[in-house]
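Atoms considered below: every heavy atom in the structure, side chains included; atoms not considered: hydrogens, waters and symmetry mates.
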Amino acid sequence: MTELGLATVVLLASLALTYFFCIRPMRQGRCAMAPKAQAEQARSTVDDEGEIARLRVEVAALRAETLTRNSDSPV
C-alpha cells in the first residue's frame, strides 16, 4: 500500500470513528458529556431564577430604606 493510500485509510477511519462515537451521539442527545452538562444547565437555570428573586427582594428593601432615610433627614 502506498503512503498516500495508508494516509487516506487512516483519515477515513478517524472520520468514521469520530462520527459514530462523537457526532452521532451528540445529535441524538446521548453524548457522554451531555447528561452532566444538561443537568448543570438545568440546575443553573433554577439557581439563577432563585437568585434573581432574592436580589429583587434585596433591591426593594434597599430602595425602601433609602426612601426612609431621605424622608427623615432635613433638606
Side-chain angles (χ1 to χ4, degrees):
M1 188 177 264
T2 66
E3 290 179 14
L4 184 59
L6 180 60
T8 304
V9 169
V10 170
L11 174 67
L12 291 176
S14 65
L15 289 174
L17 291 173
T18 300
Y19 177 76
F20 284 109
F21 290 108
C22 294
I23 296 172
R24 196 170 130 233
M26 281 193 303
R27 291 180 66 200
Q28 294 173 348
R30 55 183 174 87
C31 178
M33 295 300 291
K36 294 176 189 173
Q38 289 173 356
E40 281 184 31
Q41 185 178 9
R43 263 187 269 123
S44 175
T45 302
V46 171
D47 292 343
D48 290 346
E49 290 172 1
E51 182 72 10
I52 290 170
R54 186 187 67 77
L55 289 172
R56 283 185 177 149
V57 169
E58 186 176 342
V59 167
L62 289 171
R63 283 184 179 156
E65 182 181 326
T66 303
L67 289 174
T68 305
R69 284 185 184 173
N70 288 340
S71 64
D72 289 345
S73 63
V75 177

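With sequence neighbours excluded, no residue forms a salt bridge (Lys or Arg N to Asp or Glu O under 4.0 Å) with Arg63.
As a member of the Ile/Leu/Val/Met/Phe/Trp/Tyr network built from side-chain separations under 4.5 Å, Leu67 groups with nothing else and remains a singleton.
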Compile the donor-acceptor pairs under 3.5 Å between side chains in residues 52-62 and protein atoms, sequence neighbours left out, one pair per line.
from: Arg54; atom 1: NH1; to: Glu58; atom 2: OE1; distance (Å): 3.2
from: Arg54; atom 1: NH2; to: Glu51; atom 2: OE2; distance (Å): 2.7

Side-chain donor-acceptor distances from residues 13-22 under 3.5 Å, at least two apart:
from: Ser14; atom 1: OG; to: Val10; atom 2: O; distance (Å): 3.3
from: Ser14; atom 1: OG; to: Leu11; atom 2: O; distance (Å): 2.8
from: Thr18; atom 1: OG1; to: Ser14; atom 2: O; distance (Å): 2.7

